[in-house]
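Structure record follows, encoded as C-alpha cells.
Residue numbers start at 1 and run along the sequence shown.
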Amino acid sequence: MVISSVVAAPRVESLSSSGIQSIPKEYVRPQEELTSIGDVFEEEKKKDGPQVPTIDLKEIDSKDQVVREKCREQLKQAAVDWGVMHLVNHGISDDLMENVKKAGKAFFELPIEEKERHANDQASGNVQGYGSKLANNASGQLEWEDYFFHLVYPEDKRDLSIWPKTPADYTEVTSEYARQLRSLATKILSILSVGLGLEEGRLEKEVGGMEELMLQMKINYYPKCPQPELALGVEAHTDVSALTFILHNMVPGLQLFYQGKWVTAKCVPNSIVMHIGDTIEILSNGKYKSILHRGLVNKEKVRISWAVFCEPPKEKIILKPLPETVSETEPPLFPPRTFHQHIQHKLFRKTQDALLNKKV
C-alpha cells in the first residue's frame, strides 16, 4: 500500500466540532461577497420582495383539459421567470422522502473514520464517494461543506461498491427514490418541451433519453459554522445539469440571484426544489433560465440537502439551441458544445466576476 505524502485538507465537520471560534482564512469569502451574506434565519422570515414560486403538480395529469393546462402553464412560467421552484404534490410519497433523508443523515452521523472508508480520490478524477471541496474554485476559496456523491440512475451504471452499507436500508430507499425521480423528470421534460412548441418527448431525447440521462446524487452536509457571515456552504454558481431536484432537512440556506438581489428560498414542507440547469437553458436558447444560486451556513443548525443532478452523457450529444428555438430575431445565444466541453468552459473561463454577472 502506497501512502501519499499529500495531506488532505481536514473535513469541514472536523473543523466545526473542534471548538474553533474563527474559521481558517481559506474559507473566508472575498470582501465584495461579504456585504451580501446575512443571517439566513432572518432572511427566510422576510415576507416582502419576490418569493420562489411553489408549483402544485396535483392536477398535472387532470382529465379536465383546462385544469391540466393551467397547472402546466404555471410550471412553464416558473421555468421562464425563475428557473427554480418548489414542487408540491409531485407524486413521491412523504414516507419515501423521509426515509431517504434519514438514511443520508445516518451516514453523516457515523464517525469520520467510518466515512473516510468511502473517501473519493479527486486527484485521480474519481469524484464518487465522500469528500470535501479541495480544488480551487472560481474564487480560490473553500466551501463550508462535506458531501457524498454517487451515480444513482440508470441502475446498470451504478457502482454499488462505494454506496454506504450503513444504514442498512440506504441502498434500498435511495434506489427507489431515484427510480421515482426519473419518472418525474420525464414528466417535467415533457411539459417543458410542449412549452417550447415541441413534441412531448423531444427534450428528453435531446438529453439522452432513458438509457443515457444520468442521475447523480450529491448529499451536501453543512456543519455549524462559528462565523457564518464570512463563509458560504456553496459559492454562487449555475447547475450544468438538465434538471436538478433537491430535498433538504428544513434548515434554510438556498439563495437565488433574482432581479439583481439574493432571495432566500423558504422551507416548504414535503416539497422538492427543482432547478432548470444550463443544459435546458442552452437547448431552449435561453427561454428557460438556469438561475445563479448559492448556499448560506449558520452557527445553530446543521443543514443537509440531497441534490440529484439529471445530466446528459458527457460526449455523445452536442448541446446547442434547438432549431425551433432560433429565428432571425432570436439568434443562437450559445455555441455548440458537448456536455463535457461545457463543464470545462465553466471551470476554466468563469471568474467570480463572470459568475456574479451571469455570463456564460
Exercise. Roughly how far, to the nearest 0.5 Å, is the OH atom of Tyr258 from the NZ atom of Lys289?
Worked result: 9.5 Å
Exercise. Are the charged groups of Glu172 and Lys165 less than 4.0 angstrom apart, N to O?
Worked result: no
Exercise. Does a salt bridge link Lys102 with Glu98, judged by any charged N lying under 4.0 Å from a carboxylate O?
Worked result: no
Seminar exercise, completed: So CD of Glu44 and CG of Asn298: to nearest 0.5 Å the spacing works out to 11.0 Å
Problem set entry | Pair Arg72 + Asp61: basic N to acidic O under 4.0 Å | yes
Problem set entry | Residues Arg202 and Glu324 bridged, charged N to O under 4.0 Å | yes
Exercise. Does the pair Ser183 and Arg179 meet the rule for a side chain to side chain donor-acceptor pair (under 3.5 Å), with working shown?
Worked result: CA-CA 7 Å; Ser183 299; Arg179 280 192 285 273; over 6 Å; no
Problem set entry | Gap separating the CD atom of Glu311 from the CD atom of Glu212, nearest 0.5 angstrom | 13.0 Å
Exercise. What do the steps show when you test His118 against Tyr170 for ring-ring contact (aromatic ring centres under 6.0 Å, His included), and what is the final call?
Worked result: CA-CA 14 Å; His118 298 273; Tyr170 183 95; 8.9 Å; no
Exercise. With a cut-off of under 6.0 Å to the ring centre and 45° to the axis, is Lys218 in cation-pi contact with Phe149?
Worked result: no
For this session: For the pair Lys287 and Glu281, find out whether any cationic side-chain nitrogen is under 4.0 Å from an anionic carboxylate oxygen.
Result: no
Problem set entry | Qualifying residue, where the test is salt bridge (charged side-chain N to carboxylate O under 4.0 Å, His left out) with Glu43 and the options are Lys46, Lys45, Lys47 | Lys46
Exercise. CD1 of Ile276 to CD1 of Ile188: how many Å apart, nearest 0.5 Å?
Worked result: 8.0 Å
Exercise. With the threshold set at 4.0 Å, does a side-chain nitrogen-carboxylate oxygen contact exist between Glu300 and Lys224?
Worked result: no
Exercise. Hey, what do you get for CG (Leu87) to CG (Leu57), rounding to the nearest 0.5 Å?
Worked result: 5.0 Å
Exercise. How about His237 and Arg294: does a side-chain donor come under 3.5 Å of a side-chain acceptor?
Worked result: no
Exercise. Looking at Glu235 and Arg29, does any basic side-chain N land under 4.0 Å from a carboxylate oxygen?
Worked result: yes
For this session: Please work out which of the three classes, parallel, tilted or perpendicular, describes the rings of Phe148 and Phe107, given edges at 30° and 60°.
Result: perpendicular
For this session: Can you measure from CG (Leu322) to CG (Leu283) and round to the nearest 0.5 angstrom?
Result: 5.0 Å
Exercise. Checking Arg11 against Tyr130: charged group under 6.0 Å from the ring centre and within 45 degrees of the axis?
Worked result: yes
Problem set entry | CA sep, side-chain torsions, deciding dist, call: Thr279, Phe339, side chain to side chain contact (heavy atoms under 4.5 Å, CB included) | CA-CA 8 Å; Thr279 295; Phe339 185 61; 3.6 Å; yes
